[in-house]
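Read the structure below first, then the notes.
The figures here come from the full heavy-atom set of this structure, side chains too, leaving out hydrogens, waters and symmetry mates.
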Amino acid sequence: MDYRQPKPRKSQHARIVHELGRLIVSGRLKPEEKLPAEAQLCEDYDVSRTVLREATRVLVAKGLVYSKPRVGSVVRPRQDWHLLDPDVLHWLMQSTPQNEFFDKLSSVRCIIEPASAALAAVNATPEDLEAIAEAYARMEAAKDPESFLEPDLDFHSRIAEATHNELLAHLCNMFSLALRESMTHSNRRPNLHELALPRHKAILTAIQNRDTLGARHASLVQLEDARAALSAVLGEDFPL
């Protein structure tokens, strides 16, 4: 899916959530700014108050707005948004310049993934090691960037699962949509297999050998390579 061309929403309330959510996250509706009056929104979207209030409840649950008596719905400050909510993250990707978003994502990955690899080296079961190795084997067998993507995603998600830390694994999973978009771009560089496979193999080998420092270092090297790949694909504006 191209995150800048989202699929149309089917239900009335989902369409309202999507459109108002994008307006908020993009900054077109500012923090502490009131949403248009309920009657106006009902007229604009041609929906009942019940449908509109259902949509508003969803925006409240995502941390984007709060309801104030005799005032209506008000946009929350950015620090209150649930940025890892799949919809909010989706709108953030849509509204943030591509290079800027991927730069932020790369920084987060450099914090989380080396720690995950090191912990997996300690906690991975034989079944976990087999699953990570299976994903790597599919990466080796991939014929093109498109077929490389899914095993690449599986490789990283299985490392997170192999930590046996539910909080960490869940946090990594919350980034899956953003990671997919990032990898879709980075995997377009020339010589994908020659450059990416040895770095992933180094992570796998370190985890298999229960080498925590080696796993951490190999993950950092792979992430530096991923950043270089994004720079090659997106151009010199992407920071190294």
Hey, could you give me the [atom1]/[atom2] distance between [X] and [Y], rounded to the nearest 0.5 Å?
X      : Y      : atom1 : atom2 : result
Ser107 : Phe102 : OG    : CZ    : 13.5 Å
Arg188 : Asp144 : CZ    : CG    : 12.5 Å
Leu52  : Gln40  : CG    : CD    : 11.0 Å
Asp103 : Thr96  : CG    : OG1   : 11.5 Å
Cys172 : Arg109 : SG    : CZ    : 10.0 Å
Leu119 : Thr212 : CG    : OG1   : 10.0 Å

is_close_aromatic(His156, His200), centroid dist under 6.0 Å: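 Centroid distance His156-His200: below 6.0 Å, so yes.
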
Using modelled atom types and a 3.5 Å cut-off, is there a donor and acceptor pairing between side-chain atoms of [X] and backbone atoms of [Y]?
X      : Y      : result
Thr163 : Ile159 : no
Ser116 : Ile112 : yes
Ser219 : Ala215 : no
His193 : Ala142 : yes
Arg199 : Leu195 : yes

Do the side chains of [Y] and [X] get nearer than 4.5 Å, heavy atoms only?
X      : Y      : value
Leu35  : Leu23  : no
Pro114 : Leu223 : yes
Gln94  : Trp91  : yes

Step-by-step salt bridge (charged side-chain N to carboxylate O under 4.0 Å, His left out) determination, Lys68 to Glu32: CA-CA 11 Å; Lys68 197 170 184 179; Glu32 301 304 331; over 6 Å; no

Assigning hydrophobic clusters by single linkage (Ile, Leu, Val, Met, Phe, Trp, Tyr; side-chain heavy-atom cutoff under 4.5 Å), is Leu153 placed with Leu168?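 No, because Leu153 and Leu168 fall into different hydrophobic clusters, even though each may have its own neighbours under 4.5 Å.
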
Verify the cluster assignment for Val25 and Leu177: are they in a single hydrophobic cluster under the rule of side-chain heavy atoms below 4.5 Å apart? yes

Could you tell me which non-hydrogen atom of [X] sits nearest to which non-hydrogen atom of [Y], and how far apart they are?
X      : Y      : answer
Tyr66  : Val75  : CE2-O, 4.2 Å
Ala55  : His13  : CB-O, 3.7 Å
Ala178 : Leu89  : CB-CD2, 4.2 Å
Arg180 : Thr184 : O-OG1, 2.7 Å

If we count only N and O atoms by modelled type, under 3.5 Å, do the side chains of Asp128 and His164 hold a donor and an acceptor together? yes

Testing the 3.5 Å rule here: is there a donor-acceptor pair between the side chains of His185 and Gln98? yes

Basic-acidic side-chain contact under 4.0 Å: Arg138, Asp152: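 Result for this pair is no, no salt bridge flagged.
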
Salt bridge present between Glu134 and Arg158 (N-O < 4.0 angstrom):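 Salt bridge present between Glu134 and Arg158.
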
